[in-house]
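Given the structure is predicted, the values throughout are model-derived calculations rather than measurements. In the text below, chain A, chain B and the rest are named by the order of the sequence lines, each starting its count at 1.
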Amino acid sequence: MGMVIILIQYTLLFAAVLSLVALGGCFSEHSGVINLGLEGIMVMGALGGALTFKFLGGDASPFVTILAVLFVAIAVGVAYSTLLGIAAIKLKADQTLIGTAMNMLGTAAATVIAKSINLAEDSTKPSSEIAYPGRKSFLFVDGYEFNWFMIVAVVALVAAYIVLYKTRFGLRLMACGEHPQAADSVGINVYKMRWAGVLISGGLGGIGGICYITAGVSSWKFEVGVAGFGFLALAVMIFGQWKPTRIALAALLFGFFRALSNVNSGFEFLKNLNIPGGIYNMLPYVISLIVLAFTSRQSRAPKAEGIPYDKGMR
Amino acid sequence: MESSENYAIEMLNITKKFPGIIANDNITLQLRKGEIHALLGENGAGKSTLMSVLFGLYQPEEGVIKKDGKIVEIRDPNDANALGIGMVHQHFKLVECFTVLDNIILGVEPVKAGILQKAEARQKVLALSEKYGLNIDPDALIEDITVGMQQRTEILKMLYRDNEILIFDEPTAVLTPQEIKELMQIMRNLSAEGKSILFISHKLQEIMDVADRCTVLRKGKYIGTVNTADTTMQELSAMMVGRNVNFHVEKKEAHPGDVILNVENMTVASKMHKKNAVNNVSLKVRAGEIVCIAGIDGNGQTEFVYGITGLEPLVSGKIEMCGQDITNMSIRKRSVSGMSHIPEDRHKHGLVLDYSLEDNLVLQRYFEPEFTNPAGFLRRANIRSYADRLIEQYDVRSGQGAETIARSMSGGNQQKAIIAREIDKNPELLVAVQPTRGLDVGAIEYIHKQLVAQRDAGKAVLLVSLELDEVMDVPDRILVMYEGEIVGEFDPKDTTEEELGLYMAGARRKEVKA
């Protein structure tokens with residue numbers, strides 16, 4: 001019984017991370033900008049959050065800790081995503097390349113920053129590991145990994161649904177991702193909407209990052225980045241067909257397989273199957289490959305995504 | 001002298017220059033309140049530039065724009081919109097996965113605290129659609145509705161914004177004859193309700209039918225404005241082209257000979273959807289006749305041609321040319337065996353745009369001994385003299401003759417180059433797909449003459465066309481294609497555009513034997 005609860009809590013935790021980041025990708029792509037840099041954004045957001053934990057220490061009130069960490073993670077994520085905005089929207093560069101560059105830079109920069117902070121404190125310890133003593137304040141059920149981020153993810157899902165389908169902003173944002181010339185012809189500033197989409201994805205990616213590294217551990221080595229979770233979130237977004245409701249379901253599915261890799265040894269019948277742990281670790285990625293191979297043919301991405309908008313081209 | 005207040009919009013003495021070209025040279029266009037005013041001109045006459053000036057996309061070097069007699073400044077499309085100027089673009093500006101209603105309100109959404117108030121918008125849209133007879137379903141997705149309904153959505157977009165000046169840019173190009181009639185009625189309703197309409201077109205019949213006045217541009221210059229009641233199509237076309245144009249294709253009686261192309265039960269898969277694009281089509285084309293496949297765009301004509309020319313494999317069926325089975329033959333072999341192809345998309349399949357004109361002209365023959373020596377090197381001198389001969393004979397005009405890069409040539413001359421290449425091969429079968437698309441009246445006349453000359457020389461010509469004028473005028477036999485099937489065969493002398501339209505829209509069909 002205990003294992004089932006642990007499986008559920010990890011499933012929910014990873015699903016929360018995946019849906020936050022996938023929603024980030026969803027906003028960016030609905031505006032017309034492919035955000036492959038989510039991985040890098042997550043790492044930077046995670047670093048910002050972790051450092052906030054570190055400097056607040058373990059004694060600050062849980063409420064203050066949560067707000068401060070969230071705020072910094074969002075701010076760093078947004079700041080980092082401006083790289084994508086400048087290159088993709090202003091300079092009209094290739095969005096795939098920018099995203100890839102952001103991922104490489106993200107992990108590398110986070111490692112350098114973490115190491116230099118650690119070295120400044122203790123010159124004999126060149127480690128990229130940052131500990132966050134205040135992590136416990138994120139748990140709202142004592143003794144379990146039920147994390148406040150799950151609530152944040154649910155709020156984000158509901159908010160994303162309302163924003164995309166019920167507001168003027170959402171209608172205009174999606175128009176820019178589908179047919180920017182049409183949006184422009186009715187007086188919508190395509191560049192502004194794309195900036196909005198990119199910055200929102202930066203904020204959500206940042207929260208996703210800090211959420212991911214605080215799931216079950218109280219320190220993080222930044223040279224491992226976020227282990228492909230940003231890409232998994234992109235798979236969730238595609239499987240979720242760029243729709244918040246379906247993204248939530250897709251996130252639960254992928255979150256379940258990811259959780260399984262954490263807790264499979266706790267189940268008798270799984271242990272008896274004698275499958276190496278590595279297989280479980282691979283599962284979410286293998287599943288994402290299979291799922292995308294079968295579903296991406298029918299998937300309906302925003303039509304104009306990836307194409308820089310140029311007012312002069314008509 | 002009419003007082004200025006009678007005009008909804010006036011563009012006075014507009015001059016707009018681009019490097020090396022004067023796109024608009026002292027052009028004046030005055031749109032009266034409540035009239036339907038046609039703007040007529042060939043491609044490159046400056047119609048688009050003039051409209052871009054009106055929408056603030058370009059700033060003119062000289063001239064002023066007046067609204068209700070007062071000078072206004074239009075710096076961007078939002079300014080134009082604020083002045084009540086709206087436009088139905090030739091290529092609709094609609095978001096395909098949005099509903100009709102969402103597209104109409106986009107940009108002017110009614111909101112309370114940022115939340116869309118769609119019920120309110122829907123009422124206004126339904127009221128407008130009733131008032132002007134614009135039948136639409138507000139909840140349908142754009143991708144699911146007909147082109148005609150998409151166009152009505154565009155019109156409602158303008159009406160929803162309370163635009164007073166409505167511009168229609170080549171609105172009939174994509175419509176069936178029935179839909180064109182409906183549109184004409186809609187335009188009359190709109191003008192009866194006091195809207196001022198500017199109707200951009202190069203179709204003279206439509207202008208005569210619906211417009212009150214017509215302004216003609218030619219090569220960037222203002223030629224004149226006439227009342228359509230006081231003029232004729234001949235006069236308008238002479239104003240547009242600068243000389244008298246023969247609309248009717250002159251041709252003698254056809255004398256069909258042997259079967260050159262024999263298609264039996266051809267089926268071709270579609271890349272767009274699961275259904276077959278071409279379904280069990282059989283037809284014959286004989287020597288000395290022009291057979292035209294008519295139909296609305298997207299009914300399988302493209303795939304049918306791909307099947308015949310070898311660009312797509314067949315799912316089933318058989319193709320014979322001059323008695324020889326060519327079903328599985330490569331494109332090169334088909335070409336060498338006597339098939340010429342003037343492709344639908346001249347940029348994609350007709351030319352290598354970054355090659356020179358001479359290399360494009362020799363593209364299907366470079367491997368012949370005349371152009372390649374036994375060691376495999378090109379005989380450049382022979383290629384040059386061959387190209388020069390074609391350029392001369394087919395009057396292909398370009399900046400640097402044979403060395404001109406194809407991309408830099410005008411559309412009409414690119415098309416002439418393709419026609420020169422394909423016809424000079426002396427084919428048995430000429431497949432011409434929308435050979436006059438996007439060309440002006442003079443070039444169209446030339447191309448039609450070439451097709452008829454091929455027919456008279458005893459060749460088989462298979463023409464695929466979306467233009468009804470061309471369908472009625474050029475061929476000896478018309479086959480209508482609807483949803484991948486041949487639904488009717490007609491003699492152009494015994495049919496009318498209206499009758500063809502019913503078949504093209506799928507409202508009627510009859511058995512056709514190949």
* Asked: Quick check: are there more than 12 heavy atoms from other residues, nucleotides or ligands sitting under 6.0 Å from CH2 of W195(A)?
  -> yes
* Structure fact -> Note: R172(A) and G107(B) closest approach over all heavy atoms is NH2-O, 2.9 Å
* Does the pair K303(A) and E96(B) meet the rule for a side-chain contact (heavy atoms from CB on, under 4.5 Å), with working shown? -> CA-CA 9 Å; K303(A) 256 196 193 141; E96(B) 294 238 303; 2.8 Å; yes
* For the residue pair V186(A) and K157(B), establish whether any side-chain heavy-atom pair is separated by less than 4.5 Å. => yes
* **CZ/F231(A): more than 12 non-hydrogen atoms of other groups inside 6.0 Å** => yes
* Step through the shown structure and confirm whether more than 12 heavy atoms of other residues, nucleotides or ligands are within 6.0 Å of OH on Y165(A). => yes
* Would you indicate whether K166(A), at its atom NZ, is surrounded by more than 12 heavy atoms from other residues, nucleotides or ligands within a distance under 6.0 Å? => no
* To do: Count the heavy atoms belonging to other residues, nucleotides or ligands that lie under 6.0 Å from NZ of K192(A), then report whether that count exceeds 12.
  => no
* For N78(B), is it the side chain, the backbone, both or neither that has a heavy atom under 4.5 Å from a heavy atom of chain A? -> side chain
* To do: Give, for atom CD1 of I162(A) and atom CG of L116(B), the distance between the pair rounded to the nearest 0.5 Å.
  => 12.0 Å
* To do: Answer yes or no: is there a side-chain heavy-atom contact under 4.5 Å between L171(A) and F98(B)?
  => yes
* **Where K93(B) and H179(A) come nearest, the two heavy atoms and their spacing** => CA-NE2, 4.0 Å
* Residue selection (most heavy-atom pairs with chain A, distance under 4.5 Å) from H89(B), R161(B), K118(B) -> R161(B)
Please report, to 0.1 Å, the donor-acceptor pairs under 3.5 Å made by any side chain of residues 243-255 of chain A, with sequence neighbours excluded.
none

* **Contacting moiety of F55(B), where chain A heavy atoms sit under 4.5 Å** => neither
* State whether the number of non-hydrogen atoms from other residues, nucleotides or ligands found under 6.0 Å of K124(B) atom NZ is greater than 12. => yes
* Asked: Does a side-chain heavy-atom distance below 4.5 Å link R168(A) with V111(B)?
  -> yes
* Around atom NE2 of H91(B), are there more than 12 heavy atoms of other residues, nucleotides or ligands at under 6.0 Å? -> no
* Asked: Between I115(B), L106(B), V108(B), which residue shows the highest count of heavy-atom pairs closer than 4.5 Å to chain A?
  -> L106(B)
* Structure fact -> Rounding to 0.5 Å, atoms CG (N103(B)) and CD (E178(A)) come to a distance of 10.0 Å
